Amino acid sequence: MRKYLIIIILLQSLNGIAQVNKTASIAFIERVIPGRSGSFLIENIPQQNGKDVFEIDRKGSKIVLRGNNGLSVASALNYYLKNYCFCDIGWNGTNLKLPVNLPLVKQKIHKVTPYKYRYYLNYCTFNYSMSWWDWDHWQKEIDWMALNGINTPLAITGEEAIWQDVYKKMGFTDNQLDAFFSGPAYFSWFWMGNIDAWGGPLPQHWMDSHKELQKKILARERLFGMTPVLSSFTGHVPPSFKDKFPSAKVKKTNWGAGFPDVYILDPDDPMFETIGKNYIEAQENEFGTDHLYSADTFNENVPPTNDSTYLDGMSKKVFNSMAAADPKAIWVMQGWMFHYNNKFWQPQQIKALLNAVPDNHMIVLDLYSDAHPVWNRTEAYYGKPWIWNMLQNFGGNISLFGRMRHVACDPAIALHDPESKNMLGIGLTPEGIEQNPALFELMLDNVWRDTPIDADAWVKDYAKRRYGKNSQLANEAWHLLLNSVYSGGLTEGGPESIIVARPTLEKSVDRVLTHLDYDPKELYKAWALLVQASDSLKKSDGYQYDLVDVTRQVLANYALPVQQKMAAAYKSNDKVLFEKYSSEFLQLMDDMDALLNTRKDFLLGKWINEARANGITSTEKDLYEFNARDIVTLWGDKESGLREYSNRQWAGLIKGYYKQRWVLFINQMDKAMAAGTAFDAADFDKQVKNWEWQWVNTHDNAYPDITKGDAVETSKRLFAKYQQVILASY
């Protein structure tokens, strides 16, 4: 009887989706272009050759959007807005200046995607960008995903609540789990089995509220017709596991960067499949399933042996732990380790890992296809279905950077390469988002085509859509940007600025790389052109963001010549020049901070206040603020080896954190010069570490989340102030 009831419920659910789809699509249009949904008709059409399809047509005075699901209808709307209304919807500036009478298409537009999967997100994105998102922010992001044809998003919000349920049923106490769950800015590395507990203990309210948030996220994604990728068990267990189950095969592993060991249950242990099965069942009970499960068994950790038999058996056990609960399970594997630990992962080891799982139950994400593809050195993952991805961003840094010409051409080239074999999709796997919007939009324009994009023509069209009008000055600026900052090399994102480094006389330090792989004069020319275009474009939201961002990058680059003049003055014991250049260096930071204060995209206060908003007690709010401050600065304790990995050039962070470190450094050097003694590097190192740790643990409400000043006027003022000295520095 229960079986028949389930069938009836499923049929009702499917019918409900079919009936609701048009209503949901109208609601979506209202969210995107309020008050204009009455101009559209929504119609259903079937998939074409198993692929998503959309059409744009007309019926009388109405615009018809057809699709095989809500996502295709959303993509049709985006195509219409971009190509007929010359609008642009993005993270950092939107142009939705629609004509009173929406233009009608003259002939039917018909588009079929060549890709079954359009994947989105990286574990790291959930912390470097999404840590503090509420439902309103998620709803906008899911709408953006739908507009851009993304149908396979990673969906791991609320995972910790499921693990709490599983481990409590195994007898673990709250105290034992407090030593396991990380703070909310560090889940990505907790989920991937790299760290335990840092930034915790995790409040129960967080688990409960984010379990409910995940239900909203999944419901909306599925309403569009997306198939979210959920999580699975890869062996990471609480530190107390070894004490509770002394006979279990538990091994230590260490990610590095100063964090303690974590504990991994060996897949050979009989408990492995049981725990994995229990987790999938508990997750499905709360969140449902689309049969796609993410699992990365050795993320940035090397397996204990390169023996093929071991790797084959381990892979089987991981998959079996999914399939035991869901026979339709498909393992979605990030291929990052094949690049990151490429010396270990030779053909024999990769084959052993992949071939242990049936081809129709695994998808491999070629995570870094835009710069370091693995598919072309593994015979396209030895026949496994795989997805071409653009990674682009590391740590959530905001440098202007990208490989635009590669992104414009390489997906289509790979698709038609006979050697790519079972390439079934494309995707975005950035560590951070809400920066470099042009690059992401270019990549997503591949979704509904199978031929390379002309990057030169594309940036011209993009500038027109983004700024709401055609501008020759903007066109020239984007041509220069395309061939400078957006012709990046094989690096982990763009260069950072010396200002974000822990103070030094060197040109770069630790993770802060400052070498430019483009001619800074070309970026300067683009800056000058954008400034000249201000009179006609200044009301454009996208233009304001781009002008601030380009101004920021030019000044960030210029910081290095000033810092090096300061260093030279110190080395030659020239007190006058040292005072001159150190003052200029500190003033530059103040000017950058004032510039970035004009846009919400660049406010530290926004990041901190959104973190605090997740708490319901002062203790929770303070914990979340610690997480928010720590992840973008030290990344750990005062001895952290990952400091500055997630550096941001944000208002508040520049003046309140980076500048203060430099003030401490400059004052100490001043004293040394005045006394005729050597600079005490060891003493400074101790002082600055103590100061950083104090800042990370402060809760002083010092950073507002409200913009100050005019973006265009501030940019123009800084151009007038710095243009000559910057030109002279080249």
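What you see below is based on every heavy atom in this structure, not just the backbone, and it leaves out hydrogens, waters and symmetry mates. A quick note: this is a predicted structure, and the numbers were derived from the prediction, not measured.
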Geometric class of the Tyr186/Trp635 ring pair [parallel <30°, tilted 30-60°, perpendicular >60°]: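 The arrangement is perpendicular - the two ring planes meet at more than 60°.
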Geometric class of the Trp132/Trp607 ring pair [parallel <30°, tilted 30-60°, perpendicular >60°]: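 If you compare the ring of Trp607 with that of Trp132, the planes turn out perpendicular.
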Between the side chain of [X] and the main-chain N/O of [Y], is any donor-acceptor distance below 3.5 Å?
X      : Y      : answer
Asp307 : Tyr310 : yes
Arg629 : Thr698 : yes
Asn151 : Gly225 : no
Asp196 : Ala179 : no
Arg648 : Gly396 : yes

With Lys317, the salt bridge (Lys or Arg N to Asp or Glu O under 4.0 Å) member among Asp268, Asp266, Asp269: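 Passing option: Asp268.
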Row check, Phe287 ring normal vs Lys215 NZ/CZ: under 6.0 Å, within 45°: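 Judged by the rule (NZ or CZ under 6.0 Å from the ring centre, within 45° of its axis), Lys215 is not positioned above Phe287.
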cation_pi(Lys242, Tyr263) dist<6.0 Å, angle<=45: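 Yes, cation above the ring, under 6.0 Å and within 45°.
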Chi angles and distances behind the salt bridge (charged side-chain N to carboxylate O under 4.0 Å, His left out) call for Lys140, Asp136: CA-CA 6 Å; Lys140 289 176 183 175; Asp136 286 344; over 6 Å; no
Exercise: do Asn127 and Ser188 side chains pair donor with acceptor under 3.5 Å: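 Looking only at side-chain atoms, Ser188 and Asn127 do form a donor-acceptor pair, the distance falling under 3.5 Å.
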Distance-only polar pair, side chains of Gln164 and Gln204, donor-acceptor under 3.5 Å: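 Present: a donor and an acceptor within the cut-off.
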Regarding [X] and [Y], does a basic nitrogen lie under 4.0 Å from an acidic carboxylate oxygen?
X      : Y      : answer
Glu610 : Lys606 : yes
Lys638 : Glu692 : no
Glu644 : Arg502 : no
Arg612 : Asp622 : yes

From CA spacing to verdict: side chain to side chain contact (heavy atoms under 4.5 Å, CB included), Ile631, Tyr128: CA-CA 8 Å; Ile631 190 72; Tyr128 287 139; 4.2 Å; yes
Centroid-centroid distance, Phe181 to Phe187, less than 6.0 Å: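 Ring centroids of Phe181 and Phe187 are no less than 6.0 Å from each other.
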For Leu354, the option from Trp331, Tyr381, Trp386 that meets side-chain contact (heavy atoms from CB on, under 4.5 Å):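 Of Trp331, Tyr381, Trp386, side-chain contact (heavy atoms from CB on, under 4.5 Å) with Leu354 is met by Tyr381 alone.
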Side chain to side chain contact (heavy atoms under 4.5 Å, CB included) between Asp290 and Arg222, intermediate numbers included: CA-CA 9 Å; Asp290 296 274; Arg222 288 167 177 155; 2.7 Å; yes
